[in-house]
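Contents: one structure, followed by commentary.
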Amino acid sequence: MSDSQIAIAGFAEEPPELRAALVEACQRVIDSGTWVLGPEVEAFETEFAAFTDTAYCIGVGNGLDAIEIAMRARGIGPGDEVITSPMTAAASVIGIIRAGATPVLADIDPTTALLDPQSVERCISSRTRAVLLVHLYGQMRNMDAWVELCAEHDLVLLEDCAQSHGARWQGRHGGTFGLAGGYSFYPTKNLGAIGDAGAIVTNNVDIAERARVLRNYGQRARYEHIEVGLNSRLDEIQAAMLRSRLEWLPEFTGRRQHIAAMYREGITNPHIALLAEPGDPEQHVYHQFVVTTNDREAFISHLAANEVPALIHYPTALHQQPSFAGIAHDSQGLPHAEAHAASCVSLPCHPQLTDDQVEKVIRAVESYSG
Ligand SMILES: *Cc1c(COP(=O)(O)O)cnc(C)c1O
């Protein structure tokens with residue numbers, strides 16, 4: 001790939017030391033002869049709990065399962081309503097449905113695309129059990145207010161941290177404000193495996209113990225099934241990959257934040273709106289750098305003509321998807337989510353982008369004439 005060609009994910013440009021460590025780790029696992037739920041998983045759980053400063057980390061199959069298992073571990077299920085955002089990956093809502101609970105969608109704050117607390121309050125009913133807060137695009141904001149809102153209404157706070165590895169609010173990581181946090185390690189996440197993987201972090205011993213049971217067929221000990229669980233075991237190869245990649249996460253996060261700072265400084269085009277800047281750099285790990293614009297198709301074509309690839313997160317709000325037709329939501333509608341979905345564009349923001357490439361993106365954005 002030539003230096004000027006901008007990749008969407010940048011895996012091919014990763015440092016050779018990281019690649020060598022991944023190959024070495026694969027070999028170590030193959031030679032070990034233990035391939036599911038073994039020492040690599042245990043070591044990764046210890047290391048990721050330390051990284052997030054939580055008491056427990058439970059490796060699972062993927063981020064969707066992390067949400068389902070966290071809910072089931074707390075006994076959230078049929079008859080319970082869980083409020084979440086329509087501006088998120090489908091997995092946030094599918095996790096609620098898979099747990100047997102009923103999702104209710106609240107609107108977003110258009111300045112951040114994160115859940116709007118006022119809309120959440122309108123969605124609260126006598127059946128509401130929990131709020132699933134999504135740290136969308138890598139942002140953690142207003143965590144004190146969310147903790148307070150949930151305490152006031154006696155709701156369980158759960159965090160979808162699939163896009164926010166390493167983000168902190170006043171020094172604390174995602175998953176430590178609520179009862180538990182669900183992480184995804186899908187390859188394109190800020191911390192990614194080379195396949196599917198996920199984890200739950202929590203400071204609650206009961207949630208940790210039940211999640212461990214649920215991920216492995218509901219077994220407390222071998223062939224002792226105390227409930228109907230899932231097969232959502234993390235395998236040794238993925239855990240070993242994650243251990244190697246976790247060592248690079250702080251540096252890669254710093255790189256994402258540097259790229260975002262270049263975008264914030266360089267993008268002044270009046271046709272392009274940026275989301276609100278975080279109060280503190282640690283609150284945003286830029287899984288995505290998202291802008292909004294009125295004529296998205298024209299903007300993306302202009303970027304493509306300037307060799308800048310762009311993605312959309314997400315092209316529709318979830319209530320506009322056929323699979324979620326009829327889903328409950330704020331009685332005042334979800335106008336901000338719909339408007340954001342119709343106008344958002346994700347600029348390239350992976351840690352392997354060079355400054356020259358970031359400047360090329362900025363030039364392309366600045367030359368767009370609306
Ligand atoms: C990726 C993602 C998930 C799901 O993770 P998988 O590992 O793909 O199941 C859940 N929520 C959000 C916000 C995500 O971005």
Side-chain angles (χ1 to χ4, degrees), residues 7-49 51-52 57-70 88-92 94-95 98 135 138 160-166 174-175 181-201 211-212 214-217 229-249 252-253 256 285 287-288 311 313-314 346 349-352:
I8 286 278
F11 297 135
E13 290 80 29
E14 286 184 343
E17 308 96 281
L18 171 55
R19 195 188 167 75
L22 295 175
V23 172
E24 189 276 325
C26 269
Q27 201 144 18
R28 185 172 78 227
V29 171
I30 293 166
D31 291 346
S32 78
T34 300
W35 296 328
V36 175
L37 290 186
E40 297 286 342
V41 171
E42 272 177 40
F44 173 69
E45 289 176 338
T46 301
E47 288 159 13
F48 198 64
F51 175 79
T52 54
C57 170
I58 302 94
V60 296
N62 53 66
L64 166 62
D65 286 358
I67 294 168
E68 174 185 345
I69 292 171
T88 180
S92 307
I94 297 172
R98 288 273 304 272
H135 301 313
D160 181 339
C161 311
Q163 303 189 358
S164 64
H165 317 71
Y183 282 84
S184 164
F185 306 119
Y186 183 77
T188 56
K189 307 293 182 178
N190 287 27
L191 176 61
I194 61 163
D196 280 306
I200 296 157
V201 300
R212 274 184 206 288
L214 282 167
R215 76 171 170 185
N216 193 11
Y217 303 146
L230 296 74
N231 175 350
S232 188
R233 299 176 296 227
L234 183 55
D235 68 67
E236 290 283 283
I237 288 272
Q238 299 309 339
M241 299 298 98
L242 289 166
R243 293 181 69 195
S244 294
R245 288 187 164 282
L246 181 57
E247 289 181 27
W248 288 79
L249 181 59
F252 283 0
T253 299
R256 287 177 187 271
V285 294
H287 175 59
Q288 301 295 347
L311 295 174
H313 300 92
Y314 297 87
S346 306
C349 191
H350 62 75
Q352 313 313 327

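Each residue takes its place number in the sequence, starting with 1. Hydrogens, waters and symmetry mates play no part in the numbers below; they use all other heavy atoms, side chains included.
Going from atom CD of Glu42 over to atom CG of Leu37 covers 9.0 Å, rounded to the nearest 0.5 Å. Rounding to the nearest 0.5 Å places CZ of Arg245 at 12.0 Å from CD of Glu247. The line from CZ of Arg215 to CG of Leu234 is 7.5 Å long, rounded to the nearest 0.5 Å. Taken from CG in Leu214 to CG in Asp65, the straight-line distance is 10.5 Å, to the nearest 0.5 Å. We find the SG-CG distance between Cys26 and Asp31 to be 11.0 Å, quoted to the nearest 0.5 Å. The distance from atom CZ of Arg28 to atom CD of Glu40, rounded to the nearest 0.5 Å, is 4.0 Å.
When every heavy atom of Ser232 is checked against every heavy atom of Asn62, the shortest pair comes out as OG-N, 4.4 Å. Scanning all heavy atoms of the two residues, the minimum distance from Cys349 to Arg256 falls at O-NH1, 3.3 Å. The two residues Ser92 and Ile67 have their closest heavy-atom pair at CA-CD1, 3.8 Å. The shortest heavy-atom contact between Ala25 and Met241 is CB-CE, 3.8 Å. For the pair Trp35 and Val29, the tightest heavy-atom approach, listed with the atom from each and the gap, is NE1-O, 2.9 Å. For Gly182 against Ala66, the heavy-atom pair with the smallest separation is CA-CB, 3.9 Å.
Applying the side chain to side chain contact (heavy atoms under 4.5 Å, CB included) test to Glu17 and every residue at least two apart in sequence or in another chain returns Pro15, Trp248. Under the side chain to side chain contact (heavy atoms under 4.5 Å, CB included) criterion, Ala43 pairs with Glu47, Arg243, not counting sequence neighbours.
Both tests do not hold together for Arg19 against Phe11: distance to the six-membered ring centre under 6.0 Å, angle to the ring axis within 45°.
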Identify each donor-acceptor pair in which a side-chain atom of residues 184-199 lies under 3.5 Å from a protein atom, sequence neighbours left out, and give them as a table.
residue	atom	partner	partner atom	Å
Ser184	OG	Tyr186	N	3.1
Asn190	OD1	His287	ND1	2.9
Asn190	ND2	Val285	O	3.1

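In this structure, His350 contributes its side chain and Ala7 its backbone to a donor-acceptor pair below 3.5 Å.
In this structure the side chain of Arg98 reaches within 4.5 angstrom of the side chain of Leu230, judged on heavy atoms. In this structure the side chain of Leu242 never reaches within 4.5 angstrom of the side chain of Phe48, judged on heavy atoms.
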>> Does Asp235 form a side chain to side chain contact (heavy atoms under 4.5 Å, CB included) with Arg233? I'd like the steps, not just the answer.
In response: CA-CA 6 Å; Asp235 68 67; Arg233 299 176 296 227; over 6 Å; no
